[in-house]
Protein chains: 6
Amino acid sequence: MTRKNNRKTNEMRSIEIELGVNKHAEGSALIKFGDTHVICTASIENHVPRWMRGSNEGWITAEYGMLPRSTHERMNREAARGKQSGRTMEIQRLIGRSLRQAVNLKYLKDKTINIDCDVIQADGGTRTASISGACVALFEAIKNSHDDQRAIKEYVAAVSIGLKDGTPFLDLDYDEDSDADTDLNVVMTENGGIIEIQGTAEKNPFTKDQLDEMIMSASNGIADIVSFQKSCLS
Amino acid sequence: MTRKNNRKTNEMRSIEIELGVNKHAEGSALIKFGDTHVICTASIENHVPRWMRGSNEGWITAEYGMLPRSTHERMNREAARGKQSGRTMEIQRLIGRSLRQAVNLKYLKDKTINIDCDVIQADGGTRTASISGACVALFEAIKNSHDDQRAIKEYVAAVSIGLKDGTPFLDLDYDEDSDADTDLNVVMTENGGIIEIQGTAEKNPFTKDQLDEMIMSASNGIADIVSFQKSCLS
Amino acid sequence: MTRKNNRKTNEMRSIEIELGVNKHAEGSALIKFGDTHVICTASIENHVPRWMRGSNEGWITAEYGMLPRSTHERMNREAARGKQSGRTMEIQRLIGRSLRQAVNLKYLKDKTINIDCDVIQADGGTRTASISGACVALFEAIKNSHDDQRAIKEYVAAVSIGLKDGTPFLDLDYDEDSDADTDLNVVMTENGGIIEIQGTAEKNPFTKDQLDEMIMSASNGIADIVSFQKSCLS
Amino acid sequence: MTRKNNRKTNEMRSIEIELGVNKHAEGSALIKFGDTHVICTASIENHVPRWMRGSNEGWITAEYGMLPRSTHERMNREAARGKQSGRTMEIQRLIGRSLRQAVNLKYLKDKTINIDCDVIQADGGTRTASISGACVALFEAIKNSHDDQRAIKEYVAAVSIGLKDGTPFLDLDYDEDSDADTDLNVVMTENGGIIEIQGTAEKNPFTKDQLDEMIMSASNGIADIVSFQKSCLS
Amino acid sequence: MTRKNNRKTNEMRSIEIELGVNKHAEGSALIKFGDTHVICTASIENHVPRWMRGSNEGWITAEYGMLPRSTHERMNREAARGKQSGRTMEIQRLIGRSLRQAVNLKYLKDKTINIDCDVIQADGGTRTASISGACVALFEAIKNSHDDQRAIKEYVAAVSIGLKDGTPFLDLDYDEDSDADTDLNVVMTENGGIIEIQGTAEKNPFTKDQLDEMIMSASNGIADIVSFQKSCLS
Amino acid sequence: MTRKNNRKTNEMRSIEIELGVNKHAEGSALIKFGDTHVICTASIENHVPRWMRGSNEGWITAEYGMLPRSTHERMNREAARGKQSGRTMEIQRLIGRSLRQAVNLKYLKDKTINIDCDVIQADGGTRTASISGACVALFEAIKNSHDDQRAIKEYVAAVSIGLKDGTPFLDLDYDEDSDADTDLNVVMTENGGIIEIQGTAEKNPFTKDQLDEMIMSASNGIADIVSFQKSCLS
């Protein structure tokens, strides 16, 4: 498998992050992993979900969507169909869990931060770009607010890795993803702690050694993304 | 009512149209009326709705959506709520009707063109920006296809006009819109033919003379937009 | 285009309004524009929507429906399909906006009046008959209540006008509507103030002069309807 | 329990049936049991449900609805809520089963007759009035069509009976129904055959003897309704 | 019609009731009528529906479901379809009404008991088995609680009876049910009071004499079930 | 953390599998991981989803549900709420993907096998018990059919592992799960190939070393489950 633009197996696509792309949101970022473009916004509300009241903590929740023509073939609009797909719900739950590890909820007392990740153009890796961009939008929102800055704990980023004929490929684009034997998504903190790991054998089971190799590659990719995130916010 | 940036009562906000913003869509445009930003895509499919089969014509249909944080306060996501609001349905029906007047459907035989207008950032006039941007995306899609170019009939554009203390204000932004007594949306062809006119007295009824003044102002605004559309596609 | 019953181009169909057709509703009317029959009820509730609380005003809201066999071909029941069509929502929003101009909301403090317009038999012009009948039901409800009669501001009525080969035709029936080039709905007060104007070019764009002619014809039709409304309530 | 208008315990409310109330429907009737008013239409379609294809028979199906202000307190519109209540579904299933016994389905080959029963005003007994009126609309539709008249088998009518302090009361109005200990609905053919019997102890269980008395009273009521149906159609 | 296992026309299928099949529920029972198996649970909650507040009584409500492969052919899952069928709603309303007659609601003050009847395997008579099993689960829940034991009023049980060629058959299995001319469900108290009676002529109307015979057979069957219920709880 | 019944950190709860629990399903099993009880059925249908037609392969799909009172507190029924939760959809997608690795789809040509996993009683690990039980039901269905037995490829089983204060705990029950810092679910084949791995840091990120330990423990647990599956089917 030769990669587009002579990309190496352990090389990320070009990453771009543009801050402040939305004049209304407390925090916002447009993130690009190659041709995958996601608008991430963080919206602060002064209340928490009912089940959290009295907990002295805040909450972070996330929603995910794709524009109908973000994909190669136009998809039906979920709002028109009247329900979100299982895939959408799975991804937005993942984004929410991941971002909650980036902050200290106790310093967000009585606030909910709504993360919205909307895919403008898709070319593989929309969930990992979403998490990585949402972290920037979230931190920008906290910085812009007069809330306790200790809410910011650790940068969080995510990347996908595929296995093709036994070789791990970092940050798959859509064509590579369709062709891969295994698909692994990893979410890590800037310090290398694992937050989420989700691997699926699409064609054949994979071995523990292959998993180790993929995680190694992922952690390099995540280090690159975190550098981008940091340079972007400083 | 003094306008932001010393805008005159009969002056449009700054208009920008960026073509080809989506690598998958047959036609696409990002249109900006001031701080109102809409991504418009045109997607060609090789079939027509069931009720049109055998008609020897094509069809154009439109969908409209707003990102949850395109607005000042975050809105609930329609896909999550499980239904589109009456406002959304009203707007997408309007966009579809307007765009069908821009083309000769008989030269689109057996094709459906899906227009998607997704509001990335809203500051008033999202429906008029959507129609104006969608016309560009639509014409780009037809030009990019090998279909009969006679399908392109006339440019179509739209603008809003408000009445405040008896004075017409062209192309209202969100604050002006909230404050206006009357809200009028006009869709016209490049030759000044009226396609749609929708006026609503928000506070007090308006007179026929006031309607005439508003339409006069709208037709000037539409001429400006058409110039932009044309320069953008040529 | 010759009209049924030798009707002239600027002549309304026969209008009938029967008051008090529902023993439960605070106000009710069965209105007939020719073969279009609509039951309108006004129901007073002693609370306002959440977003209005504390405003010291009342509210008027409207819902619209068609019996499945009100139309030539039986339609599916919206309750069975599980959602209201875009057309239904558009019409009920229009009815609500129009009726709110007929009253002084500040004299309806802490009350909501629900307008229901249910089409028993349809033959074109169901939305204009609905608005015209609902005004009668609404005023009857206010009169029957012991509330402040100053809530009644102005009669409101609506009519449709079509353009066929350049000639305006007032109050289209279903066959005429299907055949028209342009369809215009106008809502006015008894004093000739314009509340809503919605015109759509079904086949070709129309000119400003044609719009003027149509509005002239509409305002005559509306004067006739208002006479009927007044004689019915006095 | 004294009844309104000195009605006797085994006496029906005044019955009225008006034929041909809808100009589009193949058959239609407005039926009144006292203040309970139901519009019944029968719509013939030239196809059968998928599961019946090839059976050489026809089908009859029914839908039921109430206008929002048919009741003392305004109810929410089922189309707006997005689903039909359990009560609605129960009633429309009952109407469909009952009407299918009124005809020979084999003489309706490849046709579906849709029965719509829409309650315009409710005062108890809407389901029994619906069945009784729908039979008339159905037979009118068959007579109006050029289909095989042998499809008409037997008149079908329905009535409610309540038990209050051990006494059966025929054809309960809303107030009586709310007050009754037991509520029984009976559907019979003109020849006294039982099609449906549904009895519910609202407060205390009832005895077999009481059931016998109620059925006796019901069969007298049904005989009266059938006389009305017949005089109406002949 | 010869019955499986040489069952007599007035003989129940083998009945089994297993108590305490769910470690979380306040009361639970697995009931078997032959091959029809239903898990019934009773869940006590310390609040009542909004409309009951202040009434000084408690409430009992019921829900019913079938596992997708409880039936001969796999059915679609109602949760996946997004709505409950009319049949489901009809049955759960019946279960709720029946069980409310088994208790004195005034001794359940401020409590709601939720009955869930889930059909694990279906072979006819799922609603009658559900009611009969739910009564046991309900009484177990009341016994296990420290609430007033006077809430327990009377055992309630249910059975189906069919008519085939004029002969009543007790407790129909699926094949018998499909073949029967008439289907009758009867719910009675241990003392023979009738709570619900629902009879439907599937093929031809039935006579009052046939109804009497069926009820006679039903009341014998119900006596058998009540014996089982009692032995199971004592 | 001391475990109930003196269970060791790397010890499974008692496993039970009962085959043939449903007389209608082609394959069925009741699996118990301690107090977690799941009914799994496999239903064979002689068609494939539309998008697979012509592929010469078969398909396996899965649905998952919980009885309302399977949990400590009664949950709302998803069929009544009208939609499946994100968690439900996530789990049923996981079950489907896992089971498709247990078979050779090419030997199931033109068949779809529907897996239903319904949780009768929940005490943690419902998704892993579902996968493990569904594999048995699936293989029984294939054995019972006259289809090509080569469709059976490899046993598949799943287990959860938690991390508490740095120690991995195998097969968490509900209390342990609520208390764990990290939750990992692993699906493997009988030969130790990894099919799915899903790890979530509930409280703090975990390290690669901790992940390795957890996977080691999981693979021992899975070996135990596979032994049970095999003894059960042979």
Side-chain angles (χ1 to χ4, degrees), chain E residues 20-30 32 34-46 61-85 88-89 92 112-123 134 137 141 173-174, chain F residues 20-30 32 34-46 61-85 88-89 92 112-123 134 137 141 173-174:
Chain E
V21 296
N22 180 300
K23 78 168 200 166
H24 302 302
E26 283 75 15
S28 64
L30 168 62
K32 300 183 181 178
D35 282 332
T36 290
H37 303 174
V38 186
I39 293 181
C40 307
T41 57
S43 303
I44 302 183
E45 294 179 359
N46 288 314
T61 185
E63 287 185 8
Y64 169 92
M66 300 181 85
L67 296 198
R69 195 55 196 274
S70 59
T71 46
H72 198 273
E73 306 282 319
R74 185 178 181 276
M75 301 184 309
N76 288 327
R77 191 176 287 264
E78 290 189 330
R81 274 208 319 245
K83 69 177 185 178
Q84 295 178 297
S85 71
T88 292
M89 291 216 250
Q92 63 195 14
T112 296
I113 305 187
N114 291 283
I115 302 294
D116 286 289
C117 296
D118 284 277
V119 179
I120 301 307
Q121 188 175 274
D123 187 35
D173 67 22
Y174 178 79
Chain F
V21 296
N22 180 299
K23 79 168 200 166
H24 303 303
E26 283 74 15
S28 64
L30 167 62
K32 300 183 181 177
D35 283 331
T36 291
H37 303 174
V38 186
I39 294 180
C40 308
T41 57
S43 302
I44 302 182
E45 294 180 358
N46 288 313
T61 184
E63 288 184 9
Y64 168 92
M66 299 181 86
L67 296 198
R69 195 55 196 277
S70 59
T71 46
H72 197 272
E73 305 283 317
R74 184 179 181 275
M75 302 183 308
N76 287 326
R77 191 175 285 265
E78 290 189 329
R81 273 207 321 246
K83 68 176 184 178
Q84 295 179 296
S85 70
T88 292
M89 290 215 253
Q92 63 195 13
T112 296
I113 305 187
N114 291 283
I115 302 295
D116 286 289
C117 295
D118 284 276
V119 179
I120 302 307
Q121 188 176 275
D123 187 35
D173 67 22
Y174 179 78

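Chain A is the first sequence line, chain B the second, and so forth, proteins listed ahead of strands; every chain is numbered from 1.
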Given heavy-atom pairs under 4.5 angstrom as the criterion, report whether the side chain, backbone, both or neither of [X] touches chain E.
X: F/Thr88; value: neither
X: F/Ser28; value: neither
X: F/Asp118; value: side chain

Side chain, backbone, both or neither: which part of [X] has an atom under 4.5 Å from a heavy atom of chain F?
X: E/Glu73; value: neither
X: E/Thr41; value: side chain
X: E/Tyr174; value: neither
X: E/Lys23; value: both

Exercise. Considering only heavy atoms and a distance below 4.5 Å, find which of E/Gln92, E/His37, E/Arg69 pairs most often with chain F.
Key: E/Arg69

Practice problem: Identify which of F/Lys83, F/Arg81, F/Arg77, F/Glu45 forms the greatest number of heavy-atom pairs closer than 4.5 Å to chain E. | Solution: F/Arg77

Quiz prompt | Option passing side chain to side chain donor-acceptor pair (under 3.5 Å) with E/Arg74 (candidates F/His24, F/Glu26, F/Glu63) | solution =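 Only one of F/His24, F/Glu26, F/Glu63 forms a side chain to side chain donor-acceptor pair (under 3.5 Å) with E/Arg74, namely F/Glu63.
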
Quiz item: Once you round to the nearest 0.5 Å, how far does CD1 of F/Ile120 lie from CD1 of E/Ile39?
Solution: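 One finds 4.0 Å between CD1 of F/Ile120 and CD1 of E/Ile39.
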
Exercise. Check E/Ala79 against F/Gln84 and note the closest heavy-atom contact, atom names and distance.
Key: O-CG, 3.4 Å

Exercise. Identify which one of F/Leu67, F/Asp116, F/Asn22 satisfies the side chain to side chain contact (heavy atoms under 4.5 Å, CB included) criterion when paired with E/Leu67.
Key: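 Between E/Leu67 and the candidates, side chain to side chain contact (heavy atoms under 4.5 Å, CB included) is satisfied uniquely by F/Leu67.
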
